[in-house]
Visitor: 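What follows is a structure written as structure tokens; I'll ask about it next.
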Amino acid sequence: MSELFYNAAPNATRIAPPIPKQREYPAQKPQHVYLFGTCVVDLFYPEAGMDSIRLLEREGITVHFPQSQSCCGQPAYTSGYTEEAREVARAQLGLFRQDWPLVVVSGSCAGMIRHHYSELFKHEPATLRQIEALADRTYELAEFLLNVCKVDLKDRGAPTKVALHTSCSARREMNTHLHGRALLAQLEAVQRVDHDHESECCGFGGTFSVRMPDISGAMVADKTRALQESGAAQIVTADCGCLMNINGALEKQNATLRGQHLASFIWQRTGDSV
């Protein structure tokens, strides 16, 4: 889940979003990866997690899913509850001990692990070394498929137009808009259409949508209006918090347009069952 305001709680400190640095990718695909499914995928969009596993397994990779994983800690962290976020994050650290890549189904959650865990544990040198090693092998799903697996997608679906939505923090921290565009460009029958307000927040922002529902509602109204005016037949996104918010608004508006996780969209167009 991505958070819009970084000083939303009395005890919050403003967190400057990091600028993604150019990273080096492995020359070969790994044999094993961990999958971090995220709490929203687990509770609301399990098919996105399963389709992510299918995409990775099709690349010949064994996927490991530690059952004890939970939230990455981002909602507490960006709301200013640093100690609570630290304890949530600490509970995840012992689950990914093998030196395998950690593939995350959400760009904003990947950004939390890759960029913000080090801030949480900056006063614990021993833990910080573990955090830095984990951050170096953390990838958002689309990034991993594109730059590590170097997938060559074969589109088997009917011609369609789609609009890509990426959460605001995932764009800043993980460049998910670039990775998503590159994967969609491999699908010959898919035309990606630009839409106004593309880089703007959908209004979800994790707890922001609960604390400031009127502002959140106005933002998602702008977002859904732009998406419907784009001429897209479908929305695709790699962040399920945004997906839940946008689809909920569209349903309330009695609109026919709907969104789908990028992993499910790609699998349905390229999987063996097509």
Side-chain angles (χ1 to χ4, degrees), residues 1-2 33 35-59 63 65 69 71-72 74 102-112 139-146 149 151 153 155-157 160-171 173-187 190 192-193 195 198 201-204 206 220 223-224 227 230 232-251 255-271 273-274:
M1 295 185 290
S2 95
V33 300
L35 185 77
F36 192 83
T38 81
C39 46
V40 177
V41 168
D42 182 44
L43 294 173
F44 297 103
Y45 296 99
E47 69 278 5
M50 295 304 300
D51 290 332
S52 298
I53 292 173
R54 293 183 180 104
L55 289 170
L56 293 166
E57 289 182 338
R58 187 169 64 183
E59 295 301 309
V63 180
F65 186 88
Q69 64 180 276
C71 179
C72 68
Q74 182 183 173
L102 177 62
V103 181
V104 188
V105 183
S106 162
S108 57
C109 298
M112 178 65 187
Y139 302 87
E140 184 267 335
L141 175 68
E143 175 192 22
F144 187 81
L145 291 173
L146 184 69
C149 295
V151 293
L153 302 175
D155 192 2
R156 303 178 185 180
T160 190
K161 293 181 179 181
V162 303
L164 177 67
H165 169 79
T166 49
S167 82
C168 40
S169 64
R171 291 173 70 96
E173 297 175 355
M174 298 298 291
N175 278 331
T176 51
H177 57 305
L178 302 180
H179 305 138
R181 289 172 187 173
L183 288 179
L184 291 175
Q186 292 189 19
L187 302 175
V190 174
R192 183 182 61 82
V193 297
H195 55 96
E198 179 182 354
C201 179
C202 73
F204 179 58
V220 76
K223 175 69 70 172
T224 53
L227 287 166
S230 72
Q234 189 174 353
I235 307 161
V236 291
T237 179
D239 275 87
C240 285
C242 300
L243 179 62
M244 182 169 57
N245 189 46
I246 291 172
N247 275 352
L250 289 169
E251 183 176 359
T256 57
L257 185 65
R258 288 293 186 275
Q260 185 179 30
H261 193 280
L262 180 65
S264 295
F265 180 77
I266 290 175
W267 177 255
Q268 288 176 9
R269 297 190 67 89
T270 65
S273 61
V274 176

Visitor: Should the heavy atoms of other residues, nucleotides or ligands under 6.0 Å from CZ of F44 be counted, would the total exceed 12?
Guide: no
Visitor: About how many Å separate CD of E198 and NE2 of H165, when rounded to the nearest 0.5 Å?
Guide: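 The NE2 atom of H165 sits 9.5 Å away from the CD atom of E198.
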Visitor: For R258, what residues pass the salt bridge (charged side-chain N to carboxylate O under 4.0 Å, His left out) criterion, not counting sequence neighbours?
Guide: none
Visitor: Please give me the minimum heavy-atom distance between H179 and M174, naming the atom from each residue.
Guide: CE1-O, 3.1 Å
Visitor: Working note: Y139 + V33, criterion side chain to side chain contact (heavy atoms under 4.5 Å, CB included); need CA distance, chi angles, decisive distance, verdict.
Guide: CA-CA 10 Å; Y139 302 87; V33 300; over 6 Å; no
Visitor: How about Q74 and S169: do any of their side-chain heavy atoms sit closer than 4.5 Å?
Guide: yes
Visitor: Grab the two heavy atoms, one from A263 and one from L55, that are nearest each other, plus how far apart they are.
Guide: O-CD1, 3.6 Å
Visitor: Using the side-chain hydrogen bond (donor to acceptor under 3.5 Å, both in side chains) criterion, which residues pair with S264? Sequence neighbours excluded.
Guide: D51
Visitor: Could I get the full list of salt bridge (charged side-chain N to carboxylate O under 4.0 Å, His left out) partners for E59, not counting sequence neighbours?
Guide: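 For E59 the salt bridge (charged side-chain N to carboxylate O under 4.0 Å, His left out) partners, ignoring immediate neighbours, are K29.
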Visitor: Who pairs with E140 by salt bridge (charged side-chain N to carboxylate O under 4.0 Å, His left out), at least two apart in sequence or on another chain?
Guide: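 None.
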Visitor: Quickly, which of T176, T38, D239 forms a side chain to side chain donor-acceptor pair (under 3.5 Å) with S106? Name it, please.
Guide: D239
Visitor: Heavy-atom distance under 4.5 Å between the side chains of R269 and L153, does that happen here?
Guide: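 They are not in contact (no side-chain heavy atoms under 4.5 Å apart), so the answer is no.
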Visitor: Using every non-hydrogen atom in the two residues, find where C240 and H261 come nearest and quote the distance to one decimal.
Guide: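 The pair with the smallest heavy-atom distance is SG-CD2, 3.5 Å.
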Visitor: Which atom names give the shortest non-hydrogen contact between L56 and L35, and what distance separates them?
Guide: CD1-CD1, 4.1 Å
Visitor: Could you give the distance from OG1 (T166) to CZ (R181), rounded to the nearest 0.5 Å?
Guide: 7.0 Å
Visitor: With distance as the sole criterion, is a donor-acceptor pair present between the side chains of T270 and R58 under 3.5 Å?
Guide: yes
Visitor: Looking only at heavy atoms, what is the nearest atom pair of A48 and S52, with distance?
Guide: O-OG, 2.7 Å
Visitor: Tell me whether H195 contacts the main-chain N or O of L164 through its side chain, where contact means a donor paired with an acceptor under 3.5 Å.
Guide: yes
Visitor: With rounding to the nearest 0.5 Å, note down the distance linking CD1 in I235 to CG in L262.
Guide: 13.5 Å
Visitor: State, to 0.1 Å, how close A233 and T160 come at their nearest heavy-atom pair, and which atoms those are.
Guide: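 Heavy atoms of A233 and T160 come nearest at CB-OG1, 3.7 Å.
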Visitor: Please report the interatomic distance CD(E173) to SG(C168), rounded to the nearest 0.5 Å.
Guide: 9.5 Å
Visitor: Residues two or more places apart in sequence or in another chain: which of them pass ring-ring contact (aromatic ring centres under 6.0 Å, His included) with F265?
Guide: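 F265: no ring-ring contact (aromatic ring centres under 6.0 Å, His included) contacts found.
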Visitor: I want to check something: taking the side chain as every heavy atom from C-beta on, are N175 and E143 in contact at a cut-off of under 4.5 Å?
Guide: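 With C-beta onward as the side chain, the pair stays apart.
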Visitor: Apply side-chain hydrogen bond (donor to acceptor under 3.5 Å, both in side chains) to Q69 and list each qualifying residue two or more places apart in sequence or on a separate chain.
Guide: none
Visitor: Let me confirm one number: the CZ-CG distance from F36 to D42, rounded to the nearest 0.5 Å.
Guide: 10.0 Å
Visitor: Would you say the side-chain atoms of N245 pair up with the backbone N or O of V220, donor to acceptor, closer than 3.5 Å?
Guide: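 Checked: no pair found.
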